[in-house]
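Take a look at the structure set out below.
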Amino acid sequence: MDIELSFHHKEADNAQNQINELRNRLLEIKELLKNKTVQATDDPDLNKIITENIKLKHRLSILNRAITAQKNKNLITAIDRTKMQSITEVLTNLFSSAICFAFPDITDPPVMIALSAPNSKFGDYQCNSAMALAKACRELGKKTTPKEIGQKIADNVPSHDLIEKLEVANPGFINIYLSKTYVTENLTTIFEHGVRPPSLCKKHKVLVDFSSPNIAKQMHVGHLRSTIIGDSICRLLEYLGHEVLRINHVGDWGTQFGMLIAHMQEKFPDYLAKVPPINDLQAFYKESKTRFDQDEEFKKRAYASVVKLQSFDPDHKKAWEMICDVSRKEFQKIYDRLDIRIIERGESFYQSRMEILVKELEAAGYLEEDEGRKILWTGGTIPMTIVKSDGGFTYDTSDLAAIKHRLQEEKDDWLVYVTDAGQATHFQLVFEGAKRIGVLDERIHRVDHVGFGVVLGEDKKKFKTRSGDTVKLLDLLDEGLRRALDKLKEKGRDKVLTPEELKQAQESVAYGCIKYADLSHNRHLDYVFSFDKMLEDKGNTAVYLLYAITRIRSIARNANFTPEKNQGTC
Ligand SMILES: NC(=[NH2+])NCCC[C@H](N)C(=O)O
């Protein structure tokens with residue numbers, strides 16, 4: 001079955017490639033035809049193009065049909081009962097096949113499958129494509145109503161065990177009723193084999209760049225969001241079977257190191273022999289920053305130190321390593337508590353690659369001079385700054401060198417960057433820049449910036465302590481633990497659990513709630529951090545989920561059912 005499946009996948013891939021090629025040619029032709037009516041003209045060359053366009057469209061629709069038919073064949077012939085199927089995916093394939101068959105003239109027809117509202121009388125799922133298709137038909141000069149289109153789609157949906165019946169409702173919605181037998185059979189499969197991921201069409205090498213705090217600065221709630229969201233993305237992709245690289249792109253190479261090192265050399269002259277006591281890096285950072293802002297001589301020394309560090313002077317490198325170590329240990333405490341695995345590969349990793357990249361870009365004529373800076377235009381209104389007027393590199397340079405390393409050297413084919421939404425423009429520039437210099441090819445690579453909203457306090461203002469300082473993440477986690485313990489005691493759990501069990505419950509509740517509260521909000525919106533809300537035992541909270549799983553386990557115990565008996569189910 002696997003061999004058959006991979007054969008179908010290959011066939012589908014081939015067809016997809018042909019479709020892509022045809023689509024590109026169509027786009028070129030469309031460009032040529034812009035402002036010209038698609039009618040026979042006196043121009044023989046134009047007439048040839050028009051005819052070719054018609055032929056290509058026809059071939060494209062045939063290929064589209066072939067590919068959906070092929071996908072369906074995979075689905076129908078290759079159902080591996082131990083693998084889970086995504087209902088939306090099965091429905092999307094079935095409806096896509098119906099739509100392509102019924103409307104061959106429409107390129108890229110919209111296939112919209114959505115879950116119906118719970119307990120609604122409109123079935124379990126809905127196909128909402130008819131309205132958009134009616135518009136597309138009108139544009140092609142064909143008059144028809146969404147209702148007729150809905151009916152035509154419904155008539156062409158291949159029969160499948162999953163579907164009990166279809167109903168076309170006004171103005172053109174198709175209500176989909178799932179077969180109870182099919183659902184019951186699938187639930188039994190899950191019960192017997194546990195939850196398994198659906199089979200993977202293509203295994204990707206995905207790099208997820210997340211968390212990524214800055215050395216010597218406090219890791220703040222924004223980094224906590226990135227850590228939670230990024231880790232969840234990694235878990236999901238790993239679960240699906242992709243190869244995932246979890247990368248911590250720490251800010252360990254900025255100009256701030258100049259002042260930190262210069263300050264360290266003066267305050268602890270014997271730093272090479274004895275590790276200086278800089279455990280409170282935050283305070284150390286503040287001290288050096290004050291000097292940097294007030295003392296011109298110090299500022300000069302700080303700049304000189306950056307240059308020395310960036311040319312890998314051994315003493316400067318040693319000082320830099322000491323500073324990084326202090327931060328690293330602090331970050332690790334948070335990762336350990338939240339059970340986060342991540343590999344550090346910070347900005348410093350790209351120093352030599354940045355130097356090479358800049359030389360290559362200059363040689364190929366990509367860089368332009370702009371008031372002493374070297375910039376790279378990417379097609380938009382703002383350029384990337386590749387070399388500053390003082391000769392230093394920037395955040396743009398390190399990300400451009402990083403994307404090149406990731407796609408070309410490491411051969412990752414999917415990159416995911418998880419940062420606050422405020423960095424969206426930066427990543428847009430990086431992706432466009434990488435395309436322009438021939439590093440990123442969207443036909444083989446996928447890049448995503450996963451942005452998220454700001455964390456707010458309960459007063460809806462930026463999340464800060466009462467005294468206005470940034471909240472230390474370790475303090476935040478401690479408070480979570482304290483409040484979780486109070487809740488557990490309120491419910492009398494301390495009377496029935498052993499001290500170790502109580503500690504475990506406390507950690508699961510505290511960290512589970514913090515993670516779940518973040519993930520259950522719309523990622524794009526700002527999110528109000530509220531311990532009271534996240535620790536509620538009703539509603540959409542981790543506490544509620546933890547209760548639910550505990551109840552299910554208790555039912556299983558009463559039914560004398562253990563996970564070992566039916567591995568993986570509970
Ligand atoms: N490749 C990247 N730029 N990753 C994100 C880095 C985030 C950055 N250090 C910050 O704190 O804002």
Side-chain angles (χ1 to χ4, degrees), residues 206-234 244-257 260 281-282 285 320 323-324 327-328 330-332 334-335 340 342-351 353-354 357 376 378 382 384-386 392-410 412 414-435 439-440 445-455 462-463 470-473 523 526:
V206 198
L207 182 144
V208 185
D209 175 323
F210 70 107
S211 192
S212 310
N214 297 317
I215 301 279
K217 293 193 193 158
Q218 196 66 246
M219 183 169 174
H220 56 68
V221 275
H223 296 122
L224 182 68
R225 271 206 103 172
S226 171
T227 308
I228 294 171
I229 298 171
D231 177 56
S232 307
I233 293 175
C234 293
V244 179
L245 289 148
R246 299 160 157 260
I247 296 298
N248 203 0
H249 188 90
V250 292
D252 63 356
W253 208 237
T255 36
Q256 80 262 31
F257 283 98
L260 287 167
L281 251 193
Q282 189 72 7
Y285 183 91
W320 168 77
I323 296 168
C324 290
S327 275
R328 197 170 286 136
E330 284 299 298
F331 299 156
Q332 196 54 45
I334 295 182
Y335 298 141
I340 309 286
I342 191 159
I343 299 164
E344 186 182 315
R345 194 196 277 163
E347 290 172 9
S348 60
F349 176 85
Y350 301 100
Q351 173 63 24
R353 287 181 173 84
M354 288 192 272
L357 176 69
L376 172 72
T378 68
I382 27 174
M384 296 178 88
T385 302
I386 302 297
F393 299 142
T394 69
Y395 193 43
D396 288 350
T397 330
S398 59
D399 265 323
L400 200 59
I403 198 168
K404 184 168 192 280
H405 169 256
R406 293 166 182 185
L407 297 176
Q408 290 191 336
E409 272 184 66
E410 198 165 56
D412 307 323
W414 186 359
L415 308 179
V416 182
Y417 295 82
V418 190
T419 74
D420 61 285
Q423 299 201 28
T425 319
H426 166 73
F427 285 104
Q428 199 56 41
L429 275 183
V430 173
F431 300 158
E432 291 304 320
K435 265 191 250 168
V439 162
L440 168 62
H445 302 129
R446 173 171 172 180
V447 288
D448 293 296
H449 172 237
V450 175
F452 51 79
V454 186
V455 185
K462 222 167 170 198
F463 195 61
T470 41
V471 179
K472 280 201 179 128
L473 289 191
R523 170 168 63 80
D526 291 349

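Start at 1 and go down the list; that is how both ligands and their atoms are numbered. Numbering starts at 1 and runs along the sequence shown. The structure displayed is predicted, hence computed values, not measured ones.
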Salt bridge check: are Asp209 and Arg345 linked by an N-O gap of less than 4.0 Å? no
Is it true that Tyr335 and Asn248 share a donor-acceptor pair across their side chains at a distance under 3.5 Å? yes
Protein contact to atom 12 (O) of ligand 1 [nearest heavy atom, distance to 0.1 Å]: Gln423 NE2, 2.8 Å
Within the distance-only criterion (no hydrogens, no angle test), does the side chain of Asp420 pair as donor or acceptor with the backbone N or O of Gly422 below 3.5 angstrom? yes
Identify, by atom number and element, the atoms of ligand 1 in contact range of His223, meaning under 4.0 Å from any of its heavy atoms. 10 (C), 11 (O)
What about the rings of His249 and Tyr350, do their centers lie closer together than 6.0 Å? yes
Within the 4.0 Å heavy-atom cut-off, what Val250 brings close to ligand 1 is neither
For atom 4 (N) of ligand 1, the closest protein heavy atom turns out to be Asp209 OD1, 3.0 Å
Just which atoms of ligand 1 are under 4.0 Å from any heavy atom in Thr419? 5 (C)
Heavy atoms only: which of Tyr417, Phe210, Tyr350, Tyr395 lies closest to atom 5 (C) of ligand 1? Tyr395
Of Gln423, Lys404, His426, which is the lone residue that meets side-chain hydrogen bond (donor to acceptor under 3.5 Å, both in side chains) with Asp399? His426
Return yes if a side-chain donor-acceptor contact under 3.5 Å exists between Trp320 and Asp252, otherwise no. no
Should Arg406 be counted as touching ligand 1, given the test is an N or O pair under 3.5 Å? no
